Every structure is written in C-alpha cells, then in structure tokens.
Amino acid sequence: MSQRILGVKGMNDLLPPDIAVWQVLEAAARETFRRFGYEEARTPAVEDTALFVRSVGEATDIVGKEMYTFEDKAGRSLSLRPEGTAPLVRAYVEHAVAQKEPVTRWWYLGPMFRYERMKTGRYRQFWQVGAEAYGVRAPAQETELIDLAMQLFDAVGLEGIRVELNSLGDPETRGVYLESLRTFLRAHRTELCAECQERTEKNPLRVFDCKNPSCQAVLALAPAITDGLSGEARAHFEAVQRQLGLLGIPFRVNPRMVRGIDYYTRTAFEFLSDDPVLGTASAVGGGGRYDRLVKELGGPDTPAVGWALGMDRLTLLLQAKGTVQPVRPGLFVAVAEESAADAALALVSRLRRAGHRVDFDARSGSLKSQMKRADKSGATYALVLGSRELTSGEAHLKPLAGGEPVPVRLDALEATLRAARAATAGPL
Ligand code: HAM
C-alpha cells in the first residue's frame, strides 16, 4: 500500500454525522438574517496581502504572525483571508455600493485562515458567519447587531452566552489615552514580556491581547480606556447600553476588552461562553464599530459596525448539547427478490420526486441484509417489494421502531406517506 497523505494540521474535515449540527447552525443563521433583512455577500478566500495589513493592522498577531501569505506566479503578495470584514469592505468600496444606497447590511459565511497554535476550538482553517452594516452612525446599529446575534443563539437553542462591551473611543481622542497607557506600561517595563515591551512603543493597545500572566497582572492596574472617552463617544456608549437594556439583553462592561484588531472605533463587543467543552477558547464571537475603515480603504466616509461568530466553537457547543438529530429517511424500500429490483428502483425515484425521504439498498442482496441496513438507517418505515406485492398492488408499511405492519396500496403510497407525515411531523 502507498503511504497515506493526511489533511493539513489544524484544518478539519467536516463529515457526517457531525455535519448535521453545522447544517442546523447554517439554516438558523440564514433564517435569522432573513428576518433582520440582511443580504448575503460572498468574496474570494484570497486577497491582496496589503488589504489585511492596512485594515487589521501590522502590529496585530493576525497580520504579524498568523497569515498564510504567498506569492502567486506573477509575484503578487496574496493572503488567505484571516477574517471577513476587510474583504467585505474592499468589495463595498470596489463596487461603489455607498453611491447606490445609504445603508447596506450584508452577511457572510465561510472559511478563514490563521496560522495559530491549535487547541480545542482553535484551528488554522475555521469558519465564521458574520454580519456587517454600513452607513449608520447611530448606536441603534450596534444594538440591532447584538440583538441579531442573540436571536441567532436562541434559534439554535444555545443558552448562557454572555455579552461583554467596551468603548474604544474615537481615533481623534484616543491619542491621549494611548499616551497615558504607554507611560503606565513603560513604568512596568520589567514586568512585561519582550513582545509587550515592543508593543508598548508600537501599538500599546495590543498589550491587552497578550496571554502572558505577568503582562495580564500589569494590565489589571492599567488606566481604563473608558475613562478617557470624549463626551460624544461616552454618550454613544451609554445609548448602546440603554438600548440593550430596552431589549432585555444582559451585558457586562469590560474596559480591558479591546479586541485583537486595529480597525475598531467606539463600541466593541464579544460573545462569550463558559461551557467547558470550549476549553480556554471562550469567545464564540466578537465585533464592533469601525467608522474609519471604509474611508481608509479608499471609499467615502461611511460608518460601519459588524461581528463574526466562530462556527467551529458554536458547533462544539451544539454537539455537546446533543439536541441535533442526524438526517433519517422516512421510508426504506427493500426487495424480496431480484425480479422486483427494477420496480423498487422506479418506486423510490417516484416517491423522492414527490418529496419524501426514501432510501433503498442499491446492492440488493439478501432481504435480511437489506432489513439490517433499513434498521441502521433509522427510517420510520420499511416496505418490502416482491412479486406478490407487485401482482396484488398492495404492500405493508412496517414501523421499524416496532408495531404492526399497515397494509397500503402501492398506487396510494404518496398520499399515505403524506398523511403520515402530517400526523407525525416525522421525516417521511
Ligand atoms: P475575531 O474576534 O478575530 O473577529 O473572530 C471572531 C470569532 O471567530 C472569534 O470570537 C472566534 O469565535 C472565531 N475564531 C477566531 N479565530 C479562530 C480560530 N483560529 N479557530 C476557531 N475559531 C476562531 C473578527 O474576525 C472580526 N472580523 C469580527 C468583526 C466583524 N468585526 C467587525 N465586523
């Protein structure tokens, strides 16, 4: 045997039966976006590297350490997208969407790539579902988006997801805070790791991203960004909090939560779970306002807010709850003898065309082995087709969970299955 070639480390195959929870999550996301009036946008998985350097920020871990960057055959520097916000803004600007409508609300879903240290809930190819809204400066945009995420969690039955909020202020007034943070960090220089010493000078906000306990201990005493907010930014932040209260969405203000990306202005938020299945990867999503990015990427001055949820983490939570059932056929058609195989094939096709979930064993084989497969498939009913049934035009629907077989006319099978489906809401 030749040597096997394995999948790339940190990049998962999503296969049945586990894929069922992904499908439930995706369907719930589509449905929730529909209710909120968000429209889907799809962008390529690969972008010009400069897009992420300029938006996410050079000093961030994402751009500094985690991007899959390569040269194409023409020598262009391209990167696999580490996140979805910058690509959507790129598309929004490139297609001059702002000139066509004052407010645009998009959602997206797809794989993202970051060369991270792997552990439970942290992968190198991971999936995000995200939402981005352009054109609204008012705090109600943050509130709508947080409400959207909460309604999505509700739609899949995920409870206990907490919201943390912070305000990163406006770039115009953030300078004063950054200077006081820098002064504070310089005073604690020896307690910081080498990387944070460098971050102190380059981009002190990024020190908050460090997981090192001694750096975190220093930060516990650092000045809070919320203390340095301008009057306008403060009023905006208070309005978001008031509106969340209005919608009955609990939250906690965490002045140390600054998110690991440079483009945020004003409100930043995170969705967190304390479920032990996630290990230390407790953030199931995050986002915030980024009023400067559209302009920085060459578009008109357009405010924006958005979030992304980590689908790998959400599906881990759903899997642990165990509420999602794998897809099961309603009916399994078996043949009593080879001569009935063509008729069975035609019957299965006809029932499927009529919308029923029907399965059969294309290998035929012994009736015993077919019935074994029927049992394993989890079908509600089995129907055995042989020359007797074909001659009389009548067969039996055998409930596989136990119970008496019910006689049924073959030419009335669709109607019988339809009626049974209406009565049981089962997978017929
Ligand atoms: P982010 O916080 O970098 O934000 O990622 C959002 C979510 O993606 C995280 O909370 C986490 O659940 C998931 N995630 C991130 N990295 C990984 C990984 N390596 N493995 C598994 N899951 C992961 C953003 O990406 C921003 N674009 C969000 C945003 C949208 N801000 C404004 N609009």
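Everything numeric in this text was worked out from a predicted model, so none of it was measured. Whatever order the structure lists them in is the order used to number ligands and atoms, beginning at 1.
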Original post:
Which residue supplies the protein heavy atom nearest to atom 19 (N) of ligand 1, what is that atom called, and how far is it?
Top reply: Glu116 OE2, 2.7 Å

Original post:
Can you find a pair of side-chain heavy atoms, one from Asp359 and one from Arg352, that are under 4.5 Å apart?
Top reply: yes

**OP:** Assess Glu270 for proximity to ligand 1: is some non-hydrogen atom of it under 4.0 Å away?
**Re:** no

Original post:
Can you find a non-hydrogen atom of Phe271 under 4.0 Å from ligand 1?
Top reply: no

Original post:
For atom 24 (C) of ligand 1, which protein heavy atom lies nearest, and how many Å away is it?
Top reply: Ile261 CD1, 3.7 Å

Original post:
What residue and atom, counting heavy atoms only, is the protein's closest point to atom 8 (O) of ligand 1, and at what distance?
Top reply: Gln128 NE2, 3.2 Å

Original post:
Does Arg81 use its side chain to pair, donor to acceptor, with the backbone of Pro111 at less than 3.5 Å?
Top reply: yes

**OP:** Evaluate the ring planes of Tyr134 and Trp106, with Trp represented by its six-membered ring, and classify them as parallel (under 30°), tilted (30 to 60°) or perpendicular (over 60°).
**Re:** perpendicular

Original post:
At a 4.0 Å cut-off, with the gap strictly under it, does some heavy atom of Gly130 reach an atom of ligand 1?
Top reply: no

Original post:
Is Asp312 in polar range of ligand 1, meaning some N or O pair under 3.5 Å apart?
Top reply: no

**OP:** For residues Thr267 and Pro139, determine if any side-chain heavy atom of one lies less than 4.5 Å from a side-chain heavy atom of the other.
**Re:** no

**OP:** Return yes when Gly260 approaches ligand 1 closer than 4.0 angstrom through a heavy atom, no otherwise.
**Re:** no

Subject >> Close approach of Tyr264 to ligand 1, heavy atoms, under 4.0 angstrom >> reply: yes

Original post:
Of all the non-hydrogen atoms in the protein, which one sits nearest to atom 1 (P) of ligand 1, and at what distance?
Top reply: Arg259 NH2, 3.5 Å

Subject >> Within-4.5 Å side-chain heavy-atom neighbours: Lys65 and Glu116 >> reply: no

